[in-house]
Structure formats: structure tokens, C-alpha cells
Q: 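Got a structure for you, questions after.
Hydrogens, waters and symmetry mates are skipped; everything else that's a heavy atom, side chains included, is used. By convention in this document, chain letters (A, B, ...) are assigned in the order of the sequence lines, proteins followed by strands, and residues within each chain are numbered from 1.
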Amino acid sequence: MAKTMILKTKKYSLHCHHRLISKQLSHQENLKVFSKCMGQYGHGHEYLVRLSFFIQSNDFELEKKVDQHIDDCLITPFSYQSINQVFDSIGVDNSITTGEQIVKIFALLLQKDPLSECYYKIEVVETRKNSFFHFFENKAD
Amino acid sequence: MLIDKVYLSRKIYFASGHRYHIDDWTDEKNKEVFGPCNNPHGHGHNYELEVTIVGPVDQKTGMVINLTDLDKILKDSVMSPLDHRFLNYEVDYFKKTVPTTENIAIFCFNEIKKLLPIEIDLHKVKLYENSDLFVEYYGENYDFKNKKI
């Protein structure tokens, strides 16, 4: 039976803590830019990660590998953790934890594995009003 | 590999009244094409608009745009002219253009684009009329073959 390539999207959930603050800005500038998002003790979100990837129908092995990849790269290091601390520990420059930075770093972490060649898009949903996404440059294009 | 640009989506909600009617057509033809949407007193929807922009991430702030600034742009371009308005009578653009979901999306796209900073592109708008119906608009002449959607 011929196999058909489809674009599949899976949703993963990460509960994280963060605080928006830039090392390149003064305290007053940080307050002006980030306002309540730089509250002294930080705050948290339940981030949803939507990963879209190309897969042949009934390729259950690939789907399992993708789940494991997300678990290893994103869920285990980040869920129930402070994103600021994780960014610091992995050496992210000026580790601001805006949605823009989070989706960038998530994409960069995933791209280290050749499995990411089947990845098309990653979206990080921060709240019901905000989301951030990135398209992978993959060979499936 | 460097990632220099990020896509950001923001949702807003507005409620508007409208009526589908084309002046050049007879009443019978309007009724035939638009059905109850042609009723003279109009009707309303709770619209959900998802706006997606793309731009470089500022190294100091980690942002494509401050959401406070984006909200102000969306308020001035979409909320103020459309929210709690009867579109056919209160918005000049819709005095001659039928306020279908398609045309409202085009209006939103063009108005938002006018107010965005030059370094930020408007990627698309996605307008839900209700949970069963939405349209997406990427601007004129979008290269669907070679660009991402």
C-alpha cells in the first residue's frame, strides 16, 4: 500500500516559571519595558508547544521518536522549572524569557538532532491571546 | 543556525453588526444570494481576530514588539473603528463594500499594516466570524508556492 506524507501537529504542555528582565537594561528601563512581567518573584504559565512535522501515514515509530525528542529536549529540562534558570544554565546570552526568545531557544535545541529534518513549525502558546512561532528550514520543503 | 526573526500572534475580540447588501442588485437578488444576512436590520457576531507579525527580536528586550505597543496599534486600527459598530453605516470602507468575513479581514490587514513599524511585517490576519467559519488573509500577491503559511 502506498504511503502518504502528511503534516501532523502534536501538542505538548509545559508548566514553567519565568520573570522578564534584561541584563542590558537598567532597573527603570526594565520596569518600563516589562512592567508587571518583571515582578520580583516572577510568575508562571502553562505553555503549550505545538510541533508540526512531516510523517508518512502509519509511521508510528517516527511519532514515538518525536515524542521522546520533545520530552528529552523540552519537557524534562523546562517543565516545572524556572525558564530563567534553565536559560542561564545552558548559557543563553542575556537570557530574557519572552515568548520570542523561548520559541527561538526551543527551536535551536530541537535542531541539534537530525530528527528535526522532518520538523516544519514550532509554536509556543503563552496565553490564550499570545503565541510565537518559528518555521524550521527542513529538507521536506 | 541563527534565528533572526520570530513570528508572533496576538488575538483580539470585537463585536459588530452588519448586513449583506449590494445596492446595484434588486431586492430579490440580494435576498436570493444573501438570505437572512440581507435582512434590513442586520445582525451581529463576536469576531475573533488573530494577527500574526514577523520581525527581528530586539537583543535588549527579547521582543519583536512590546505587546503594549501592539495592543495600541490594534486598538487604533481595528477596535476603535469596528467594535460595537454597525459596519455598513458607521465605517466608510463598508458603505460600498459588503462586510463579509473576507472583506473585514482585508480591511483589518490593510489598517494594521499602516500602523506597524517599518521593520515589522504583517504576516497574516485570521478572522473568525464564529467557531465554524474563519478566513485567513496574507496580503495582496502573497507567494503561496514559495512562502510559509
Q: Closest approach of B:His21 and B:Asp27, non-hydrogen atoms and distance?
A: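 Distance-wise, the nearest heavy atoms are CE1-OD1, 4.1 Å.
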
Q: Between A:Glu126, A:Glu123, A:Gln101, A:Lys104, which has the largest tally of heavy atom pairs under 4.5 Å with chain B?
A: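 It is A:Lys104.
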
Q: Excluding sequence neighbours, so at least two apart, what forms salt bridge (charged side-chain N to carboxylate O under 4.0 Å, His left out) with B:Arg10?
A: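 By the salt bridge (charged side-chain N to carboxylate O under 4.0 Å, His left out) rule, B:Arg10 matches B:Asp71.
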
Q: For the rings on A:Tyr119 and A:His69, is their centre-to-centre separation under 6.0 Å?
A: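 Yes, the ring of A:Tyr119 comes within the 6.0 Å limit of the ring of A:His69, centre to centre.
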
Q: So which part of B:Gln59 gets closer than 4.5 Å to some heavy atom of chain A, the side chain, the backbone, both or neither?
A: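 For B:Gln59, the contact with chain A is made by backbone and side chain together.
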
Q: Do you know which of A:Ala107, A:Ser35, A:Ser131 has the most heavy-atom pairs under 4.5 Å to chain B?
A: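 The answer is A:Ser131.
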
Q: Is the distance between the ring centroids of A:His18 and A:His43 under 6.0 Å?
A: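 Judged by ring-centre distance (under 6.0 Å), A:His43 and A:His18 do meet the cut-off.
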
Q: How close do A:Ser95 and A:Lys23 get, counting heavy atoms only, and between which atoms?
A: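 Result for this residue pair: OG-NZ, 3.6 Å.
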
Q: Side chain, backbone, both or neither: which part of A:Val33 has an atom under 4.5 Å from a heavy atom of chain B?
A: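 The answer is both parts of A:Val33.
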
Q: Please work out which of the three classes, parallel, tilted or perpendicular, describes the rings of B:Phe14 and B:Tyr47, given edges at 30° and 60°.
A: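 The rings of B:Tyr47 and B:Phe14 lie parallel, inter-plane angle below 30°.
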
Q: Measure distances from B:Thr68 to the heavy atoms of chain A and classify the residue's part below 4.5 Å as side chain, backbone, both or neither.
A: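 Answer is neither: B:Thr68 stays 4.5 Å or more from chain A.
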
Q: Can you tell me which portion of B:Val64 sits under 4.5 Å from chain A's heavy atoms? Options are side chain, backbone, both or neither.
A: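 B:Val64 touches chain A through backbone and side-chain heavy atoms alike.
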
Q: Where on B:Leu67 is there a heavy atom nearer than 4.5 Å to chain A: the side chain, the backbone, both, or neither?
A: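 Looking at B:Leu67, just its side chain touches chain A.
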
Q: Which bit of B:Ile65 is near chain A, if near means a heavy-atom gap under 4.5 Å: side chain, backbone, both or neither?
A: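 Backbone only.
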
Q: Quick one: are the ring centres of B:Phe94 and B:Tyr89 less than 6.0 Å apart?
A: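 Between B:Tyr89 and B:Phe94, which both carry aromatic rings, the centre distance is not below 6.0 Å.
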
Q: A:Gln24, A:Lys129, A:Arg128: which one forms the most heavy-atom pairs within less than 4.5 Å of chain B?
A: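 Counting heavy-atom pairs under 4.5 Å, the top option is A:Lys129.
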
Q: Which of the residues A:Val124, A:Thr127, A:Thr98 is involved in the greatest number of heavy-atom pairs with chain B at under 4.5 angstrom?
A: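 Of the candidates given, the most pairs with chain B belong to A:Thr98.
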
